[in-house]
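Just below is one structure, and these are the notes that go with it.
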Amino acid sequence: MAFGKGCHLHLIDGSAYIFRAYHALPPLTRKSDGLPVGAVSGFCNMLQRYVDENVDSDVTHVAVIFDKGSHTFRNDLYDQYKANRDEMPEDLRPQIPLTRRATEAFNIACKEMEGYEADDIIATLACQARAAGGRVTILSSDKDLMQLVGDGVEMLDPMKNRTIDSEGVEEKFGVGPDRVVDVQALAGDSVDNVPGAPGIGIKTAALLINEFGSLEELLDRAEEIKQPKRRQTLIEKRDQIELSKKLVQLDCETPIDFTLDDLEVRDAEPDVLLGFLAEMEFRTITKRIADKLDIEPPVIEDKTPEGANPPEQEDGPEALPFEPEKYETVRDAQALQAWIDRAYERGYVAVDTETTGLDDMVVDLVGICLSVDPGKACYVPLAHVSDEGGDLFGSDAKLDGQMDMDRCLEMLKPLLEDDGVLKIFQNAKYDCKIFARYGVTVAPFDDTMLMSYALNAGLHGHGMDALSERYLSHNPIEIKTLLGTGKSAKTFDKVPIDEATKYAAEDADITLRLWQVFKPQLHRKQVTTVYETLERPLSPVLAQMERNGIKVDRNTLSQMSNAFAQKMAGLESEIHELAGEEFNVGSPAQVGEILFGKMGLEGGKRGKTGKYSTPADVLEDLATEHDLPARILDWRQLSKLKSTYTDALQTHINAETGRVHTSYVQTGANTGRLASTDPNLQNIPVRTEEGRRIREAFVAEKGNVLVSLDYSQIELRILAHVAEIDALKQAFREGQDIHAATASEMFGVPLDEMTPDVRRQAKAINFGVIYGISAFGLARNLRIPREEAKGFIDRYFERFPGIRTYMDDTVDFAKEHKFVQTLFGRKIHTPEINAKGPGAGFAKRAAINAPIQGTAADVIRRAMVRMPDAIANLPARMLLQVHDELLFEVDASAVEDLIGAAREVMENAADPAVKIDVPLVVDAGQGDTWAEAH
DNA sequence: GTCATCACG
DNA sequence: GACGTACGTGATGACC
């Protein structure tokens, strides 16, 4: 068929595929001779997936396009073009020709041309296809190709499975596809080393192009630009900008020696394809394709040479396809026994529970999934009911074909509690809490979510969907396709059993496969200790704390709510009176309009949405002169306390326990801190007198006392240690007031003459240092001129020279390794550390802060892991953690014993792994309420 | 769903 | 040399 109207051409960016395959996979080698084939393996999987997904599509023509040669016409124009690219990795180079052969084996047209980039060939083909009246889809996410979009040409980001049309381009560049090159010419590109106009990024470039219509127009009329700096740049750098445009402009007239007709879609020749895959020794994918074609797979001999170390994996686990129809529904004891036997045989089993909701303190168990071998998994439905509403008798009746729940748990309990069988979960805390409520104490276990966190904190999220996509190249079935969304959403027990099996069993399958990916990496990346001492053992401790919950007095809260409501009503009328009109005080936009628009007060700044910004510090400044902003601040405080605390907390009181059970997210903060949700009990007010009263609603059970123990200045102590600041260390050893000591050292004021104000300034600087200080930040915090703040910082660095060294060293380390580490070996990745522009400052400060905040987080984690044993003999329970504080509930008779035991654990938590050169000091408090204990 | 705001360490 | 900045979180109401 000749290419023309009605045809649809797919152009695949082959080089991008290769790099993605290379980086996504561990370094696999061919078993018989050690040839590196990881990227080839991933590449074949991607092609296979592409073929599978497009079998029934309207695509008539397809080609994979590659780069060839390193010297192109762009290098003749500009010798620095792409000059900053890293050398190709040694183990990738030999795989390049193999990817060409792989493409041919799949019988897909494979095109490249010496001296031309793949992008130019793609541009040429796209132009030709468009001219012939056909449709074109470019499978790539490369922004350099976006100039081709429009008029029948679109892009498809294969990673995100997202189509990029003209609108998508405009979103990215702020201009339509026809002006993309103009924007690129101005903004330049640090990846390709295109110079562009210095100091102008995509945002500014789009602004200019939109104003002047085109790059040429802009350069001709550069004199009209208002900003002097910009004008000068555009006039002086005209040559460089014009050169940049030539570099980014794709060549639509590449002299190709083939025609569109040569790219017609062809079926693969089974012999050729399987022959190639067998030669590469890709067992899994060979078998899969053979199965699909219903022919006998070629035999791949195990040719491991004598004495050679067998590679960890000969083929990525992602090579095995996901086939939901193959998952088994277990409906009786005999079938379940077979799975249990298999788990004992293997010594491990991936487990997942399905429940009626998300709150593990409330929901009911609906089913259980198991997987022992990748690709194989089962679902044991236990409590599915009919989804038919209105049926007087049938609606709540358990569906047929399900095991009795007690019988099932009775069979599984020995397995789940067996020391010799490792249970593998994604987020074990959730499933273990469910099992605990049904009388099963799961142990031992591994948790893929925690493994991912130990390996990759800072790089990406650790939810199953994200991990599956990233490490298994598989998008799991979304739960909402089963449950629906919003008001019409149903619970999992209403999902038909056969549908539930496909979804639920897949989760166990994914969990097992992720475990196989992560397990060997823990050692390789040297985070086994972090995982085994700071992550895995903490999970059951948190589970117990969550189950304990804390007693919250509903009456106290509801009375406070009423009082707040009254005060707010009064303030509201007062505010409307002062403003001279009624408006929504809760709307920052309307508040801004009133204050800065109507009343014309000074200092109104507009945010990125164009509305006036009205944060508290701005209103506080205005409040010195005017009543209205002061009243608004009062109203806001009450509104916050009422909606977030006194109202919301009541809804979180568990009907069965009468207590509030937060949920800790162990992987929530990149630094190693915990996060608390539903409700967040780590941000209960304490700084203002009115807010602190909320803590009076947190009470001890009758006959008990709440005890709070918190680390004193732990982050500053850690800073003193890691940065080796002798003066600070000494002050801590002598038990001095550290902020006063800092002030004394900096300003030369003797301690006995210290004023509160000088101490306050020193305190702000101490905190600033932990946060990666900047003159701007300190100036804003202390409300002093930036010059003065800079003076403070300079003096601080002068007096404590170790700080500067620590900061510089930390940033250098981050730049080199793309991560920083805590004293206990936790890694926090800093992928943005080499970014340019404003992002650079953020990344730097985060890198400086992370080891300090993270080490403190590690210390309290170690204490928490040891705490259950240390207080096992006391009538006490650990309830909450608030970053540097642990809250306990203890029988009134054992308060002092508890304080002694818990303080001992906390103060020595770093031992014996790390010797911290400064004492860790723990303060204790007690009382009937959290307000008194803290 | 995103933004602005504000609660905590 | 300009630009925008204190670090880490979660919940809420307004608004689209």
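Every value quoted in this text rests on a predicted model; they were computed, and no experiment measured them. Side-chain atoms are counted along with the backbone in the values below, which use heavy atoms only and exclude waters and symmetry mates. Every chain is numbered from 1 and lettered A, B, ... according to where its sequence line falls, protein lines coming before strand lines.
Nucleic acid contact for A/Ile770: none, since no nucleic acid atom lies under 4.0 Å from a heavy atom of the residue. Across all strands shown, A/Asn670 has heavy atoms under 4.0 Å from sugar-phosphate atoms exclusively, and none from any base. When heavy atoms are screened at a 4.0 angstrom cut-off, A/Thr644 is found touching the sugar-phosphate backbone but no base atom. A/Ala648 comes within 4.0 angstrom of sugar-phosphate atoms only, judged by non-hydrogen atoms across all strands, and of no base. Across all strands, A/Ala764 comes closer than 4.0 Å to base atoms (heavy-atom distances). Across all strands shown, A/Gly768 has heavy atoms under 4.0 Å from base atoms, whether or not it also approaches the sugar-phosphate.
For A/Asn849, no side-chain nitrogen or oxygen approaches OP1 or OP2 of C/dA6 to under 4.0 Å. Applying the 4.0 Å criterion to OP1 and OP2 of C/dC15, one finds that A/Ser587 has a side-chain N or O inside that range.
A/Tyr612 places no side-chain N or O within donor-acceptor distance of the main-chain N or O of A/Leu595, the cut-off being under 3.5 Å.
Remark: aromatic rings of A/Tyr796 and A/Phe800 are close, center separation under 6.0 Å.
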Under a 3.5 Å cutoff on both atom distances, Watson-Crick or G-U, what's the dot-bracket for DNA chain C ([ ] crossing, | other strand)? ......|||||||||.
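The separation between A/Arg861 atom CZ and C/dG8 atom P is 16 Å, rounded to whole Å. Atom-to-atom, NZ of A/Lys605 to P of C/dG4 comes out at 11 Å; the value is rounded to the nearest Å. Rounded to an integer number of Å, the gap from CD of A/Glu171 to C1' of B/dG1 is 14 Å. Whole-Å rounding puts the A/Ile828 CD1 to C/dC7 P distance at 15 Å. Atom C1' of nucleotide C/dG8 and atom CZ of A/Phe842 are separated by 13 Å, given to the nearest angstrom. Protein atom CG of A/Leu681 is 10 Å distant from nucleotide atom P of C/dA11, rounded to whole Å. Distance, A/Gln227 CD to C/dC3 C1': 13 Å, rounded to whole Å. Atom CZ in A/Arg786 sits roughly 11 Å away from atom C1' in C/dA2 (whole-Å rounding).
Taking atom P on both C/dT5 and B/dA4, the two are 11 Å apart, rounded to the nearest angstrom. Nucleotides B/dC6 and C/dA6, compared at atom P, are 14 Å apart to the nearest Å.
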Generate the contact string for nucleotides 2-9 of chain B. Rules: B means base contact, S means sugar-phosphate contact only, - means no protein heavy atom under 4.0 Å. -SSSBBBB
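The side chain of A/Phe776 approaches C/dT5 more closely than any other nucleotide in the set C/dG1, C/dT5, C/dA6.
Each of A/Ala846 and A/Ser774 was assigned the nucleotide of DNA chain C with the nearest heavy atom; the assignment lying further toward the 5' end belongs to A/Ser774.
A donor atom on one side chain and an acceptor atom on the other are not found under 3.5 Å apart for A/Ser558 and A/Gln650.
Atom CD of A/Glu620 has more than 12 neighbouring heavy atoms from other residues, nucleotides or ligands inside a 6.0 Å radius.
Taking CD from A/Glu236 and CZ from A/Arg231, the interatomic distance works out to 11.5 Å, rounded to the nearest 0.5 Å.
The heavy-atom pair separating A/Gly772 from A/Met807 by the smallest distance is CA-CE, 4.2 Å.
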